[in-house]
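In what follows, every heavy atom counts, from backbone to side chain, and hydrogens, waters and symmetry copies are set aside. Protein chains get the first letters and strands the later ones, always in sequence-line order, with residue 1 at the start of each.
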Amino acid sequence: MSSQPSALRSYVDFYATGMRTQIATQFQYRAATYMYTLGMVTEPVIYLVVWRTIANQHGGTVDGTGAGQIAAYYIVWTLVRTFNIVFTPFGWEERIREGQLSSQLLRPLHPVHYDMATFAGHKIPWLVMYAPIAVALSLVFHPTLDPRPIEVVVFIVAIWGAYVIRSLNHFVLGMLTLLTTRATSIFQIWFLGELLVSGRLVPLTFMPPWAQSIAAWLPFKWTFYFPIEALVGGMPTHALLTGLLWQCFWTGVGCVLVWASFKVAIRHYSAVGN
Amino acid sequence: MPPVTAVVHVAGLEKVFRVPEREAGLRASVRSLYARRWRDVRAVDGVSFDLEPGEVVGFLGPNGAGKTTTLKMLSGLLHPTGGEVTVLGHVPWRRERDYLRRITLVMGNRNQLQWDLPALDSFELNRAIYRLPRQQFTETRDELIELLDIEDLVRKPVRQLSLGERMKVEVVGSLLHLPQVLFLDEPTIGLDVTMQKRIRNFVAAYNERYGATVLLTSHYMADVEALCKRVVVIHHGQMLFDGKLEALADRFGAYKTIEAVLADGETISMQVPRNETSSATARLLAENDVSDLTVEDPPIEDVIEQVFAS
């Protein structure tokens with residue numbers, strides 16, 4: 001009888017296998033992946049063009065931020081956005097209807113791990129496809145980007161932190177689907193909040209002080225604004241490290257909420273028809 | 001207390017779904033916004049049975065009888081409204097990992113395989129999920145593939161497999177962790193006769209080789225007759241029968257078929273009420289020159305139909 005591998009090794013093995021499986025799946029649809037990646041670029045390019053136009057009309061800066069810094073913000077934004085794409089709560093309705101949730105619940109693994117492993121795998125082909133796009137954007141918009149080594153290191157950690165926080169938050173939102181059939185309207189409110197106070201629509205420094213105060217108490221900025229600013233914002237070292245601690249905090253909160261919401265919601269799962 | 005030997009112990013199992021209800025039309029739709037009406041649907045109502053190690057038991061009932069709901073509770077997908085269940089000593093709906101590693105639920109209409117990839121990739125993912133040591137996994141996988149004769153299917157993307165082919169690889173994927181208890185919900189649904197037989201033989205071989213306990217639902221009586229010595233019958237969520245398959249005919253078979261071949265080669269066939277079999281046979285023998293005589297229970301399909309009708 002072979003001995004069982006340790007829990008940690010098993011999780012590492014699962015995440016590696018799950019990522020590999022998803023990369024293989026992505027390669028089945030190369031054209032679709034490329035079109036999706038191009039679509040992903042549209043949103044930040046629109047923001048970038050708008051803010052550069054505003055900067056040019058105000059002597060080359062917006063609130064002291066130069067056009068090159070704005071370009072850097074939105075080019076890095078695209079990378080961060082690619083990284084923090086997770087299984088959306090909207091997918092839960094289909095997952096339940098199609099019986100996929102039943103399949104997942106029969107496995108000796110919390111479903112959140114499956115989502116996190118597979119979406120981590122999605123990112124690798126996206127990154128490969130994004131690289132030439134980033135070069136093209138840089139040639140067109142001339143970003144001002146000169147990060148220190150620590151900023152690069154913190155950025156790499158922070159984009160994964162952002163991914164984990166967003167995955168956990170969206171899983172908790174997904175649990176609402178088990179409590180109410182159409183939870184879409186609740187998700188929309190959440191996404192509105194994220195759009196406004198995460199740094200996704202507008203860099204937080206462009207927002208009024210009261211909005212920045214609200215953002216400080218919510219998880220959103222740690223999934224967009226912080227990773228971007230870690231690379232482009234010239235943040236002091238202690239601010240970078242404090243930011244990572246905040247990401248750890250929100251990860252902890254997310255883990256507790258995932259555990260509690262799953263425990264409550266799963267009792268209401270009716271698995272009707274599948 | 002459940003008997004010590006029971007692998008599956010079910011006592012007074014109940015499941016009540018609370019479902020919203022309204023009449024058709026816009027007015028009823030508007031009314032349901034402020035005065036929603038609910039109805040309790042008693043899907044499973046006091047079901048009790050035990051399964052011994054290695055038993056293959058047919059779980060029968062018409063559509064909506066509560067079979068799938070019961071299987072979902074036994075596999076931990078659903079929380080029951082009442083009653084007591086232990087499977088391999090675990091309470092299923094606690095969904096302990098050790099429990100989920102020892103059971104499987106195969107549903108004829110469910111797909112757990114990666115749609116775009118060959119089944120081998122899904123098997124590999126299952127290896128990681130179930131934490132199977134690589135050597136054990138490889139041996140089991142190859143053995144099951146050989147047993148079901150699907151060597152040429154597991155390298156094709158799942159989306160390119162036919163329903164029957166997909167079901168076969170689905171079954172293998174569900175058994176890679178060598179579960180001790182199999183809950184099979186219509187595993188042959190929609191398959192042609194050859195494919196049904198292949199799946200049946202596979203289940204029988206798995207049961208024999210690994211001593212697994214199997215609870216099987218199927219609308220194909222050929223599945224039940226081939227695999228199950230014992231059947232549990234439920235209707236409207238309630239138990240109607242728990243016993244040997246042949247005893248089902250004794251209890252619910254309303255008639256027997258008497259077939260006689262006469263000396264001149266003519267064949268007489270007649271259905272008689274069960275309690276009149278002896279007298280009818282005696283009369284037939286007395287009134288005719290009979291060279292051969294058979295008395296048979298009705299086909300199991302007819303018996304089951306009779307059970308549900310009653």
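Environment of CZ in A/R267: sparse, with no more than 12 heavy atoms of neighbouring residues, nucleotides or ligands closer than 6.0 Å. Residue-environment remark: CZ (B/R155) stays at or below the threshold of 12 foreign heavy atoms within 6.0 Å. The number of heavy-atom neighbours closer than 6.0 Å to CD of B/E151, taken from other residues, nucleotides and ligands shown, is above 12.
For a residue to count as touching a neighbouring chain, one of its non-hydrogen atoms must lie under 4.5 Å from one of that chain's; by this rule B/L125 touches chain A with backbone and side chain alike. Heavy atoms of A/Q26 lying under 4.5 Å from chain B are absent altogether. When heavy atoms are compared at a cutoff of 4.5 Å, A/Y114 approaches chain B solely by way of its side chain, counted from C-beta outward. Proximity to chain A (any heavy atom under 4.5 Å) is shown, for B/R102, by neither the backbone nor the side chain.
Of all heavy-atom pairs between B/A128 and A/F14, the closest is CB-CA, 3.7 Å. When all heavy atoms of B/L117 and A/Q28 are compared, the pair lying nearest together is CD2-CG, 4.1 Å. Nearest heavy atom pair, residue A/R107 against residue B/Y130, reads CA-OH, 4.1 Å.
Within the 4.5 Å cutoff, the side chain of A/H113 has no heavy atoms near those of the B/I129 side chain. Side-chain contact check for B/E124 versus A/T21: every heavy-atom pair is 4.5 Å or farther apart.
Annotation: maximal heavy-atom pairing with chain A below 4.5 Å, among B/R134, B/H79, B/Q114, B/H177, occurs at B/H79.
Of the inter-residue distances, the one linking A/H268 atom NE2 with B/R18 atom CZ reads 11.5 Å to the nearest 0.5 angstrom. Atom OG of residue A/S102 and atom CD of residue B/Q112 lie 12.0 Å apart, to the nearest 0.5 angstrom.
Listed in order of number, the residues of residues 116-126 of chain A that approach chain B to under 4.5 Å between heavy atoms amount to none.
Residue A/L105 forms a side chain to side chain contact (heavy atoms under 4.5 Å, CB included) with just one option from B/L100, B/L78, B/L77, and that option is B/L77.
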